[in-house]
Amino acid sequence: MTGVPASAAGGSSSARRTGPRGTSGAAQEPVGRTNPGSALERGATERAATDRGTTDQGTTDQGTTGRGSAERGSTEGGAAGRGGKIAAAAVNQASVWNVANLLTMLRLLLVPAFVALMLGNGGYDPAWRSFAWAAFAIAMITDLFDGHLARTYNLVTDFGKIADPIADKAIMGAALICLSALGDLPWWVTAVILGRELGITVLRFVVIRYGVIPASRGGKLKTLTQGIAVGMYVLALTGPLATLRFWVMAAAVVLTVATGLDYVKQAIVLRRRGIAERRAALKETEA
């Protein structure tokens, strides 16, 4: 019977085992050996991590730069907006001193000068009355130009809207009161003209919520006729010219009353129309 020596079998078995755990020699790798594939994978992983870090840092830097630019842009835009508002306010403030408003201011300053000249030396001196007429004429002429200049060259301001009608009525009222005080013009004429002017002014403010009453041709003719009539009364006229001024003033009174009634009619129509439009709008809102 042929057999394998036990020592040989044990040697073979020992040859197949290495180490105390009995790890297979075929599966065991030498200590100093490195797997090329594993090294490449680790290198690629490290490079990818490095690239991600660089990309993240770049993204962060870009975000920080973008936010900084946005903040600077907002700050600069706010500063520019505030500067624009300040500049616009300065322009609006400077626009008050335009030609049309200067003419209105001149007309206001002429009112006390006219009164002083009209009542100078007792109020009946032809020379003083001539100077008073010159002041009155300048005031009436500037009244024709300031409104035209304001509308033509876009010089309309809040100051002009308020000061212009005040200046008109101030110079006319001063002339009428002085003439009546001196006995040259009946008080009832002064009362009719001034009452109409003040009444229409108040009426305009009452109906302004419904619209604006436009100036009519009759109103402009009334203003011109009043100016001529009052100017003729300011001068110390005698003879036929004194008779003529009476009829001119009569025409002025008629136009004053007629245009006043027309303004009242327009105000009533404007108010009714405005109320009807508001009611129609309210019904549409409720529906």
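As a basis for the values below, the full set of heavy atoms in this structure was taken, side chains included, without hydrogen atoms, waters or symmetry mates. Just so we're clear, the structure is a prediction, and the values are computed from it rather than from any experiment. Note that the numbering runs from 1 along the sequence shown for the chain.
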- Item | side-chain contact (heavy atoms from CB on, under 4.5 Å) between Arg279 and Ile275, intermediate numbers included | CA-CA 6 Å; Arg279 288 178 179 175; Ile275 293 174; 3.6 Å; yes
Kindly work out whether a path of hydrophobic side-chain contacts (I/L/V/M/F/W/Y, heavy atoms less than 4.5 Å apart) joins [X] to [Y].
| X | Y | value |
| --- | --- | --- |
| Ile268 | Val202 | yes |
| Leu119 | Leu176 | yes |
| Val189 | Phe136 | yes |
| Val192 | Leu261 | yes |
| Leu203 | Val269 | no |

What's the spacing between [X] [atom1] and [Y] [atom2] if we round to 0.5 Å?
| X | Y | atom1 | atom2 | answer |
| --- | --- | --- | --- | --- |
| Leu103 | His148 | CG | NE2 | 12.0 Å |
| Leu185 | Ile193 | CG | CD1 | 7.0 Å |
| Trp133 | Met232 | CH2 | CE | 11.0 Å |
| Leu224 | Leu221 | CG | CG | 6.5 Å |
| Thr225 | Leu255 | OG1 | CG | 5.0 Å |
| Asp164 | Asp143 | CG | CG | 6.0 Å |

Provide the closest heavy-atom pair for [X] versus [Y] in the form atom of the first, atom of the second, distance.
| X | Y | answer |
| --- | --- | --- |
| Phe205 | Ile208 | O-CG2, 3.2 Å |
| Ile213 | Gln266 | CG2-OE1, 3.5 Å |
| Leu182 | Gly122 | CD2-O, 4.0 Å |
| Ala139 | Ile171 | CB-CG1, 3.8 Å |
| Gly160 | Pro165 | O-CD, 4.1 Å |
| Leu235 | Arg245 | O-NH1, 3.3 Å |

For a 4.5 angstrom cut-off between non-hydrogen side-chain atoms, does [X] reach [Y]?
| X | Y | value |
| --- | --- | --- |
| Val99 | Tyr153 | no |
| Val156 | Lys161 | yes |
| Asn101 | Trp97 | no |
| Met249 | Val230 | yes |
| Glu197 | Met172 | no |
| Glu277 | Tyr210 | no |
| Leu194 | Lys169 | no |

- Task: Verify, without hydrogens or angle tests, whether Arg129 (side chain) and Tyr233 (backbone) share a donor-acceptor contact under 3.5 angstrom.
- Result: yes
- Query: Would you say the side-chain atoms of Thr259 pair up with the backbone N or O of Thr256, donor to acceptor, closer than 3.5 Å?
  - Reply: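 Checked: pair present.
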- Query: Would you say Arg271 has more than 12 foreign heavy atoms packed within less than 6.0 Å of its CZ?
  - Reply: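 No, the 6.0 Å shell around CZ holds no more than 12 heavy atoms from other groups.
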- For atom CZ of Arg273, decide whether the heavy atoms of other residues, nucleotides or ligands shown that lie under 6.0 angstrom number more than 12. no
- With a 4.0 Å cut-off, would you call Lys222 and Asp262 a salt bridge?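 No.
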- Output, in order, the C-alpha distance, side-chain angles, deciding distance and verdict of side-chain contact (heavy atoms from CB on, under 4.5 Å) for Ile228 and Met140. CA-CA 9 Å; Ile228 295 174; Met140 296 304 295; over 6 Å; no
- Item | Donor + acceptor pair across side chains of Asn98, Thr157 (<3.5 Å) |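 The answer is no; no qualifying pair exists.
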